[in-house]
Protein chains: 2
Amino acid sequence: MPLQLSVDRTSPVPLYFQLSQQLEAAIERGTLTPGSLLGNEIDLAGRLGLSRPTVRQAIQALVDKGLLVRRRGVGTQVVHSQVKRPLELSSLYDDLEAAGQKPATKVLRNTLEPATAEVAAALGVAEGDDVHLVERLRYAHGEPMAQLRNYLPTGLLALDTPQLEATGLYRLMRGAGITLHSARQSVGARAATAAEAELLAEAVGAPLLTMQRTTFDDTGRAVEFGTHVYRAARYAFEFQLLVRP
Amino acid sequence: MPLQLSVDRTSPVPLYFQLSQQLEAAIERGTLTPGSLLGNEIDLAGRLGLSRPTVRQAIQALVDKGLLVRRRGVGTQVVHSQVKRPLELSSLYDDLEAAGQKPATKVLRNTLEPATAEVAAALGVAEGDDVHLVERLRYAHGEPMAQLRNYLPTGLLALDTPQLEATGLYRLMRGAGITLHSARQSVGARAATAAEAELLAEAVGAPLLTMQRTTFDDTGRAVEFGTHVYRAARYAFEFQLLVRP
DNA sequence: GTCAAGAGTTTGTCCTGACAATCAGACTTC
DNA sequence: GAAGTCTGATTGTCAGGACAAACTCTTGAC
């Protein structure tokens with residue numbers, strides 16, 4: 001009921017964003033319980049000394065995140081469900097780390113190779129052009145988990161093997177000033193080949209989860225193409241998704 | 001360059017939505033080419049006889065969809081990449097239909113069953129309570145493609161077998177006035193059991209793609225829990241996802 | 001020629017105000 | 001008692017204006 005909200009007008013952080021974060025924190029903390037009404041926008045604006053559009057912008061951000069639901073004539077309610085996060089472009093590294101499993105990485109290859117037709121098409125370069133190839137084996141709890149093979153255009157990023165073993169590829173890219181925008185993914189399954197079985201300590205023919213992903217930055221340039229193979233017995237993709245209204 | 005834009009003020013469709021749809025259509029059609037500037041918001045508003053907030057709302061909708069990128073001091077650009085759609089909560093039926101493969105469905109079971117512990121937990125009902133069980137086999141091009149098993153709480157929807165064979169489950173739910181809000185999914189892989197192999201015309205031990213999904217409506221109520229099995233040789237999940245800034 | 005400063009452009013944020021559409025509940029009427 | 005009807009509450013849409021922040025390009029200085 002108390003629900004302390006306040007904004008700092010001297011801060012460079014936008015007002016709507018401050019409000020949005022405070023509301024999200026209150027939901028996370030349980031101060032705003034699922035199903036509870038938020039109180040109407042006009043009052044809220046008045047109490048905070050903000051205008052209604054600003055308050056609406058803050059609320060809209062949380063509606064887009066799936067945390068709130070608005071109903072005309074009724075009000076804005078906290079959605080009561082196990083919303084975690086609406087599927088981000090996360091790396092396996094981050095996923096594992098978030099799950100509390102300290103991931104380890106072994107770089108198997110880090111070279112320049114001429115692009116095959118498939119890679120060239122995905123990255124938008126000419127066939128035969130040199131591209132970076134990074135092949136890694138990722139472990140969790142000391143067990144091999146996945147074989148990750150990534151292709152990157154040249155001249156985008158310095159790929160340092162020690163760094164690749166210490167963190168994830170996406171972090172390196174973000175750190176290099178590349179703003180990831182979207183990705184096209186394909187998730188399937190197939191039986192393990194002899195080489196894969198050897199590498200992942202599985203039997204030949206064991207089911208593997210496969211993922212192909214092309215990632216684009218905000219200029220539409222393909223910045224990465226990866227074909228990955230996961231041990232199905234050890235890993236599954238978990239995600240939350242929102243229906244866009 | 002011409003780019004015919006106009007809004008109909010007598011229409012009940014919101015102005016920002018009319019504009020947003022026209023812009024999206026122009027991008028789809030190729031009239032607005034990737035990388036091209038959209039022209040500044042003030043002018044655009046003036047030319048259309050709209051206010052700037054309305055134009056901004058229209059543009060924002062497309063930015064959220066990943067079709068446009070805004071840059072302060074530069075302008076709004078059409079993102080040039082193969083954006084299709086940012087992963088909707090789509091049913092297999094819709095997916096197949098969109099791919100031009102006429103899907104067929106055979107209902108194997110449509111009964112009431114007591115909920116197991118797993119189903120009860122997913123749907124938020126008591127263990128042993130009756131729930132609907134719908135088991136279907138889905139075909140594409142006359143070939144079996146997937147086994148779909150769905151559990152639904154009672155009293156939500158009339159599950160008519162002929163209707164289930166004619167369309168997808170999600171369409172039925174939407175038609176019954178249920179507004180889908182979010183879903184929690186898990187995608188994995190495993191080897192086919194003897195029963196699954198028989199049903200899907202695969203060999204025992206063949207890799208299968210598995211998906212579990214719990215769907216929630218906008219009140220946070222679980223409205224469906226499904227465990228599905230796809231022939232990995234015939235199907236893969238394809239989707240596009242956006243990085244939320 | 002190179003680098004820095006400044007001007008102009010464009011989006012980002014925020015305000016005030018107004019009316020419309022929709023929903024829930026109380027009220028009226030039959 | 002049941003059905004329709006009205007009323008109040010709340011979000012949805014739209015206008016117009018103002019200033020701030022970030023980017024690009026030109027201009028100027030060295």
Side-chain angles (χ1 to χ4, degrees), chain A residues 5-23 35-64 67-79 177 179 181 217-219 244-245, chain B residues 5-23 35-64 67-79 177 179 181 217-219 244-245:
Chain A
L5 293 173
S6 62
V7 292
D8 174 11
R9 294 194 97 94
T10 69
S11 163
V13 177
L15 301 178
Y16 79 89
F17 193 73
Q18 291 183 36
L19 177 54
S20 168
Q21 281 196 318
Q22 286 181 42
L23 289 174
S36 64
L37 273 305
L38 204 60
N40 79 61
E41 297 169 351
I42 317 262
D43 284 2
L44 196 54
R47 259 189 296 145
L48 288 167
L50 298 173
S51 69
R52 190 178 161 215
T54 302
V55 172
R56 275 183 70 77
Q57 196 175 359
I59 292 175
Q60 188 60 47
L62 297 182
V63 171
D64 290 341
L67 294 173
L68 297 178
V69 180
R70 315 171 99 141
R71 264 182 244 276
R72 201 185 292 204
V74 179
T76 304
Q77 282 178 302
V78 180
V79 77
T179 60
H181 178 258
D217 72 359
D218 55 3
T219 69
R244 64 154 206 243
Chain B
L5 291 173
S6 61
V7 292
D8 174 9
R9 281 191 175 274
T10 68
S11 162
V13 177
L15 301 177
Y16 79 90
F17 193 74
Q18 291 182 36
L19 177 55
S20 168
Q21 281 197 317
Q22 286 180 40
L23 289 174
S36 64
L37 273 305
L38 203 60
N40 78 61
E41 299 168 349
I42 317 261
D43 284 0
L44 196 54
R47 260 189 296 143
L48 288 167
L50 297 172
S51 69
R52 188 179 163 217
T54 302
V55 172
R56 274 183 71 77
Q57 196 175 358
I59 292 176
Q60 189 59 47
L62 298 181
V63 170
D64 289 342
L67 294 172
L68 297 177
V69 180
R70 321 172 94 142
R71 264 184 245 274
R72 200 186 293 202
V74 179
T76 305
Q77 280 178 302
V78 180
V79 76
T179 59
H181 178 257
D217 72 359
D218 56 3
T219 70
R244 63 149 201 250

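Letters A, B, ... mirror the listed sequences (proteins, then strands); counts begin at 1. Excluded from the calculations below are hydrogen atoms, water molecules and symmetry mates; all remaining heavy atoms, backbone and side chain alike, are included.
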CG-OG distance between A/Leu15 and A/Ser20, expressed to the nearest 0.5 angstrom: 12.0 Å
Return the set of residues passing salt bridge (Lys or Arg N to Asp or Glu O under 4.0 Å) with B/Arg71 (not counting sequence neighbours), or none when no residue passes. A/Asp218
Say you draw a straight line from CG of A/Leu38 to CG of A/Leu23; how long is it, rounded to the nearest 0.5 Å? 5.5 Å
Restricting to non-hydrogen atoms, name the atom on B/Gln18 and the atom on B/Val7 that form the minimum distance, rounded to 0.1 Å. OE1-CA, 3.4 Å
Nucleic acid contacts of residues 9-16 of chain A, taken as heavy-atom distances under 4.0 Å to DNA chain C: A/Arg9, A/Pro14, A/Leu15, A/Tyr16
D/dA15 P sits how many Å from B/Leu48 CG, rounded? 10 Å
I need the CD-C1' distance between A/Gln77 and D/dT10, as an integer number of Å. 12 Å
Euclidean distance, atom CD of residue A/Gln60 to atom C1' of D/dG12 [Å, nearest integer]: 10 Å
Nearest-Å distance for atom pair CG/P, residues A/Leu68 and D/dT10: 16 Å
Select base, sugar-phosphate, or nothing to describe what B/Gly49 touches, counting heavy atoms under 4.0 Å on all strands. sugar-phosphate
Pick the closest DNA chain D nucleotide for B/Gln57 and for B/Pro53 by heavy atoms, then say which residue is nearer the 5' end. B/Gln57
Leading and trailing nucleotides of DNA chain C with any atom under 4.0 Å from heavy atoms of chain A: C/dT13 to C/dA24
Write down the atom of B/Asn40, the atom of B/Asp43, and the distance for their closest heavy-atom approach. OD1-N, 2.9 Å
Whole-Å distance between D/dG12 C1' and A/Ile42 CD1? 11 Å
Rounded to the nearest 0.5 Å, what's the gap from CG on A/Leu44 to CG on A/Leu19? Could you check? 6.0 Å
Determine all donor-acceptor pairs shorter than 3.5 Å in which one atom belongs to a side chain in residues 55-63 of chain A; sequence neighbours excluded.
residue : atom : partner : partner atom : Å
A/Arg56 : NH1  : A/Glu41 : OE1          : 3.3
A/Arg56 : NH1  : A/Glu41 : OE2          : 3.1
A/Gln60 : OE1  : A/Arg70 : NH1          : 2.7
A/Gln60 : NE2  : A/Asp64 : OD1          : 3.1

So which one's nearest nucleotide on DNA chain C is more toward 5', A/Phe17 or B/Thr76? B/Thr76
When you check every protein heavy atom under 4.0 Å of nucleotides 19-28 of chain D, what one-letter string (B, S, -) results, 5' to 3'? --BBBS----
Do A/Leu68 and A/Val78 have side chains that approach each other closer than 4.5 Å (heavy atoms only, starting at C-beta)? yes
Between CZ of B/Arg56 and C1' of D/dT13 the distance, given in whole Å, is 16 Å
CD/B/Gln21 to OH/B/Tyr16 distance, rounded to the nearest 0.5 angstrom? 10.0 Å
Using whole Å, what does the distance between atom P of nucleotide D/dG8 and atom CG of A/Asn40 come to? 16 Å
Could you list the residues that satisfy side-chain hydrogen bond (donor to acceptor under 3.5 Å, both in side chains) with A/Ser36, not counting sequence neighbours? none
